[in-house]
Number of protein chains: 2
Amino acid sequence: MTGLRERKKQATREALREAALRLALERGPDNVRVDDIAEAAGVSPRTYNNYFAGRDHAIVAAVTAERESRIAAAVAASSAPLASAVVEAVVAEHHNPGERGRDTLLLITTHPSLRAAYADSAESLEGPLADAIAARIDDTSTATVLAACVAAAVRVGLQQWLGQAQKVGALVVPPGPLEEPLRAALAPLAPALTAAEKPA
Amino acid sequence: MTGLRERKKQATREALREAALRLALERGPDNVRVDDIAEAAGVSPRTYNNYFAGRDHAIVAAVTAERESRIAAAVAASSAPLASAVVEAVVAEHHNPGERGRDTLLLITTHPSLRAAYADSAESLEGPLADAIAARIDDTSTATVLAACVAAAVRVGLQQWLGQAQKVGALVVPPGPLEEPLRAALAPLAPALTAAEKPA
DNA sequence: CACGAAACTTGCGTGCACGCAAGTTTGCGT
DNA sequence: ACGCAAACTTGCGTGCACGCAAGTTTCGTG
């Protein structure tokens, strides 16, 4: 039941993402204003803000699009213990930058304001993941808390990873594998996830 | 070693908090602009933003001032197991609205944008608490993650509490005790805190 | 098919966050 | 006591977020 409405919304969202990314790669992120993105996507500047809350969100979304939903779906579908289901879903979805993601991530790691926006993108996990966890354990409020914690941990992991970059003098170094910091950040949460799963 | 510099900074910060709160109570938060607060505190509007990142931060800060540091200090000083040290410190520091806090909290719970700001104030726990936890377990990166999780949980607890309010029709109801939602939100984290404390 | 409600877009206006580059104050070493 | 360096304040300019109130498109229903 995907009406025309929904398809148009997705199309606009994607158009904005694409436009934002293209312009950012062409001119550098600092030389892209919201108005430019909106114009390139063929909508009004005001509409941009109906889709994205901040200027960089659209650029970052070109990499992170739909990631939350896929993670949530994976957790809901997995038959592994909750703790590992979550960790594996998160790691898996972050591990494939997906071709064009490579240069985009380089752009993001290079640029301070984009780094912040990228780290914050973990926050969008909270809602979907809460639903997924709630479906597995039967305690909505615990699920909410745990989802918030996972999101926070992912954010910390991303920050750690981003911090690794750019350390070597003035030379910009694409950071190492994201997997390790992510697992490290999620590890301390495992006991909480496990405890929540057991009937008591 | 508190030089003149530091004392002046605290004075300005407090002046801004007080001015913000006073004006908000007088006129209602929507009729207070940043310029008004700055003027009332005797500094330039630009300086306001050197102290507070958002418009409502100053108002909320009148209630939450220094809370983070006190919680962090309590955790660092406590000899109880980490999990209960954290919970008790958080609960204790949130439980005393402190006289004038009463009406201020009513103002905050009443007003949507202030509610968001209040919930977000939990975020400021992250840094100080991370240090305090790091001092107790000996693993900085785990401490960072756990602090982020505690902050997230506190935020969820506050949101829960704020949600309770205003439920009864159009009648504004001062929400019940904050303690219960807070404890409930922190409970799922206990296993993680406990596990981090044990040598392995 | 027609039509009313609900969703979405858009222009406009307002207040705000924040970088930058002076100007001013504080602190410290000699 | 002096003067330099670092910290803090301020004015200014720019781009942005977002409420609001029309205007437009989509959708379910009779």
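Convention: sequence-line order gives letters A, B, ...; per-chain numbering from 1. Keep in mind the model is a prediction, meaning the values are calculated, not measured.
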Strictly below 4.0 Å, N to O, side chains only: are B/E93 and B/R67 in salt-bridge contact?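 Here B/E93 does not pair with B/R67 in a salt bridge, since their nearest N and O are not under 4.0 Å apart.
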
Taking A/K9 first and then A/E14, would you say they form a salt bridge - that is, a charged N and a carboxylate O separated by under 4.0 Å?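 A salt bridge is absent here (no side-chain N lies under 4.0 Å from a carboxylate O).
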
Name the residue closer to the 5' end of DNA chain C, choosing between A/S44 and B/Y48 according to the nucleotide with the nearest heavy atom.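 It is A/S44 whose nearest nucleotide is closer to the 5' end.
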
Sequence neighbours left out, what pairs pass side-chain hydrogen bond (donor to acceptor under 3.5 Å, both in side chains) with at least one residue falling in residues 79-91 of chain A?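 Qualifying pairs, neighbours excluded: A/E88-A/R183.
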
Qualifying side-chain hydrogen bond (donor to acceptor under 3.5 Å, both in side chains) pairs, either residue in residues 128-146 of chain B, two or more places apart: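 side-chain hydrogen bond (donor to acceptor under 3.5 Å, both in side chains) check on residues 128-146 of chain B returns B/R136-B/E197, B/D139-B/S141, B/D139-B/T142.
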
Respond yes when some side-chain nitrogen or oxygen of B/N49 is under 4.0 Å from OP1 or OP2 of C/dA17, and no when none is.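 It does, given that an N or O in the side chain of B/N49 lies less than 4.0 Å from OP1 or OP2 of C/dA17.
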
I'd like to check the side chain to side chain donor-acceptor pair (under 3.5 Å) partners of [X]; sequence neighbours left out, ordered by chain and number.
X: A/D30; answer: A/H111
X: B/E68; answer: none
X: B/Q160; answer: none

What's in the same ILVMFWY side-chain cluster as A/V145, cut-off under 4.5 Å, chained through other members?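 A/V145 shares its hydrophobic cluster with B/V156.
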
Whole angstrom is fine here: how far is it from CZ in B/R7 over to P in C/dT26?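 So the two atoms are 11 Å apart, to the nearest Å.
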
Any residue in residues 10-41 of chain A with a heavy atom nearer than 4.0 angstrom to DNA chain C? Just list them by number, or reply none.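 Result for residues 10-41 of chain A: none.
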
Whichever of B/T47 and A/R46 has its nearest DNA chain D nucleotide further upstream toward 5':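 First, find each residue's nearest nucleotide; the 5'-ward one identifies B/T47.
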
Output one line per pair: protein atom, nucleotide atom from nucleotides 22-26 of chain D, and distance, for all N/O pairs under 3.5 Å.
residue : atom : partner : partner atom : Å
D/dT26  : OP1  : A/K8    : NZ           : 2.4
D/dT26  : O4'  : A/R5    : NH1          : 3.3
D/dT26  : O2   : A/R5    : NH1          : 3.2

So which of residues 117-125 of chain A are in contact with DNA chain D, with a heavy-atom cut-off of under 4.0 Å?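 Correct list: empty, so none.
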
What residues from residues 50-65 of chain B pass a heavy-atom cutoff of under 4.0 Å to DNA chain D?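 Going residue by residue through residues 50-65 of chain B, the ones with a heavy atom under 4.0 Å of DNA chain D turn out to be B/N50, B/Y51.
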
Please identify each residue that fulfils side-chain contact (heavy atoms from CB on, under 4.5 Å) with A/R100, with sequence neighbours left out.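 For A/R100, the residues satisfying side-chain contact (heavy atoms from CB on, under 4.5 Å) (neighbours in sequence not counted) are A/E18, A/L21, A/T104.
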
Shared hydrophobic cluster for A/L162 and A/L186 (ILVMFWY, side-chain gaps under 4.5 Å):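 Linked, A/L162 and A/L186 end up in one cluster.
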
Over 12 non-hydrogen atoms of neighbours within 6.0 angstrom of CD in B/E180: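 12 or below, so no.
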
Can you establish whether the number of heavy atoms outside A/R102 located under 6.0 Å from its atom CZ is more than 12?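 Open.
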
Donor-acceptor contacts, no H, no angles, side chain residues 37-53 of chain B, under 3.5 Å, sequence neighbours left out:
residue : atom : partner : partner atom : Å
B/S44   : OG   : B/R46   : N            : 3.2
B/S44   : OG   : B/T47   : N            : 3.2
B/S44   : OG   : B/T47   : OG1          : 3.4
B/R46   : NH1  : B/N50   : OD1          : 3.0
B/Y48   : OH   : B/G54   : O            : 2.8
B/Y48   : OH   : B/R55   : O            : 2.8

